[in-house]
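Start at 1 with the first residue, then count along the sequence.
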Amino acid sequence: MASSQFKPVKYVIFDMDGLLLNTEKIYFDTFKKVLSRYGKTYTEDMRVKVMGTVPRDTYSIFIKEYELPVELDNFYKEISSELIQVMDKADLMPGVERLLNHLKSNNIPIAVGTSSSQEAFDVKTKNHAEIFKLFHHIVVGSSDPEVKQGKPAPDVFLVCASRFPEKPAPSECLVFEDAPNGVQAAISAGMQCVMVPDSVVPEEKRKLATRVIDSLLDFKPEEFGLPKFS
């Protein structure tokens, strides 16, 4: 039985960056490197602000907040060319394989709703093909024509839910996220959200989540009416 504090769910949707794949350090190092060329410092406050946003929104925020003398399209190309060289080095986060294999073996439908573009997704996941084959479908927010707005808007998760054959109600879906913008997107979509935040995310930015855990290894599926780990 689910804990009385949480509603039981039947479908699970995962964010990718910082949640399934350990990409946050790669992003941090790349953004720091590029911004330093403009004489700017990439701060932890800025990192929290852009975490989970689609790339175009991320780079728009950088240009505006740092008052950068660069066009968005050119800045996009500059950062993308740096990222594409290192993104294949992203490892799986702790507990990913255990949780996904558990849900899959218990016939719980799972999907991914990420802010990534298709090109970036392909590079990041090329060394983890077996894991990403477990998902029923994957929605790449930056490249999907149905996703009109990036996180913190709910579009990516609503589109993701609609692509399960049964088209479940949002209330039947549980989202896993690491970023405040992603949590906002899930809650706005009418879904419960388990947050696995980076240590840099301040306490007040965690409050919206249904449940906060330190690692996917700490997740208790039975709290949401899902089969327990054996």
Side-chain angles (χ1 to χ4, degrees), residues 13-35 42 46-66 68 70-90 92-93 110-129 131-132 135-164 173 175-189 191 193 198:
I13 299 173
F14 292 85
D15 171 49
M16 183 175 72
D17 287 300
L19 189 278
L20 297 176
L21 293 177
N22 190 5
T23 50
E24 285 307 314
K25 182 163 185 353
I26 294 170
Y27 278 118
F28 181 81
D29 291 346
T30 303
F31 293 163
K32 188 176 168 186
K33 178 181 175 183
V34 173
L35 287 167
Y42 186 42
M46 182 61 77
R47 186 177 161 203
V48 172
K49 188 169 195 170
V50 300
M51 205 177 265
T53 56
V54 295
R56 284 192 88 80
D57 291 349
T58 302
Y59 309 151
S60 293
I61 292 167
F62 287 163
I63 290 169
K64 184 177 174 217
E65 299 278 335
Y66 289 114
L68 303 179
V70 61
E71 291 291 321
L72 177 58
D73 285 346
N74 293 335
F75 195 51
Y76 191 107
K77 283 176 194 155
E78 182 180 358
I79 296 183
S80 296
S81 66
E82 294 277 354
L83 283 172
I84 222 77
Q85 296 173 49
V86 290
M87 272 301 176
D88 62 338
K89 296 180 173 61
L92 292 173
M93 294 292 279
I110 55 176
V112 171
T114 174
S115 294
S116 261
S117 66
Q118 188 65 54
E119 182 191 22
F121 175 86
D122 291 343
V123 175
K124 291 174 199 174
T125 61
K126 74 176 187 182
N127 296 324
H128 307 291
I131 279 293
F132 282 87
F135 294 102
H136 179 269
H137 59 275
I138 289 159
V139 175
V140 284
S142 291
S143 300
D144 196 302
E146 278 191 59
V147 180
K148 304 299 183 198
Q149 285 185 283
K151 302 170 186 177
D155 303 32
V156 69
F157 294 131
L158 291 171
V159 169
C160 197
S162 76
R163 290 187 187 162
F164 287 114
C173 301
V175 172
F176 280 86
E177 261 289 354
D178 67 305
N181 285 311
V183 173
Q184 177 69 67
I187 298 299
S188 296
M191 301 173 184
C193 186
D198 188 289

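Formation of a donor-acceptor pair under 3.5 Å by the Asp88 side chain with backbone atoms of Asn127 is not found in this model. Judged by distance alone, with hydrogens and angles left aside, the side-chain atoms of Glu82 form no donor-acceptor pair with the main-chain N or O of Glu78 at under 3.5 Å. Under a 3.5 Å cut-off, the side chain of Ser115 and the backbone N or O of Gly52 do form a donor-acceptor pair. Checking side-chain atoms of Asp155 against main-chain N and O of Gln149 turns up a donor-acceptor pair under 3.5 Å.
Taking CG from Asp198 and NZ from Lys25, the interatomic distance works out to 12.0 Å, rounded to the nearest 0.5 Å. Note: Lys124 NZ to Asp122 CG = 10.5 Å, rounded to the nearest 0.5 Å. For the atom pair CD1 (Ile63) and CG (Leu72), the distance works out to 4.5 Å, reported to the nearest 0.5 Å. Expressed to the nearest 0.5 Å, how far CZ of Arg163 lies from CG of Asp144 amounts to 4.0 Å. Note: Met93 CE to Phe176 CZ = 13.0 Å, rounded to the nearest 0.5 Å. Rounding to the nearest 0.5 Å places OG1 of Thr125 at 11.5 Å from CD1 of Ile131.
Counting heavy atoms from C-beta on, the side chains of Val34 and Tyr59 never come closer than 4.5 Å. The shortest distance between side-chain heavy atoms of Lys33 and Asp29 does not fall below 4.5 Å. Counting only heavy atoms from C-beta outward, the side chains of Tyr27 and Met87 approach each other to under 4.5 Å. Between Tyr76 and Glu71 there is no side-chain heavy-atom pair separated by less than 4.5 Å. Considering only heavy atoms from C-beta on, Glu146 stays 4.5 Å or farther from Val139 through its side chain. Counting only heavy atoms from C-beta outward, the side chains of Leu21 and Phe132 approach each other to under 4.5 Å.
Of all the heavy atoms in Ile26 and Lys89, the pair that sits closest is CD1-C, 4.2 Å. The two residues Met51 and Pro180 come nearest to each other via the heavy atoms SD-CD, 4.2 Å. Contact record, Ser117 with Ser143: CA-OG, 3.4 Å, taken as the closest heavy-atom pair. Heavy-atom minimum distance, Ala111 versus Phe164: CB-CZ, 3.6 Å. Looking at every heavy atom in both residues, Pro152 comes nearest to Gln184 through CB-CG, 3.6 Å. Across every non-hydrogen atom of Ser142 and Val54, the tightest pair is OG-CB, 3.5 Å.
Seen from the ring of Tyr42, Arg47 does not count as a face-on cation partner, given the 6.0 Å and 45° thresholds.
Just one of Thr114, Thr53, Asn181, Asp15 meets the side chain to side chain donor-acceptor pair (under 3.5 Å) condition when paired with Lys151; it is Asp15.
Of the charged side-chain nitrogens involved, none lies within less than 4.0 Å of a carboxylate oxygen, so that Lys77 and Asp73 do not count as a salt-bridged pair.
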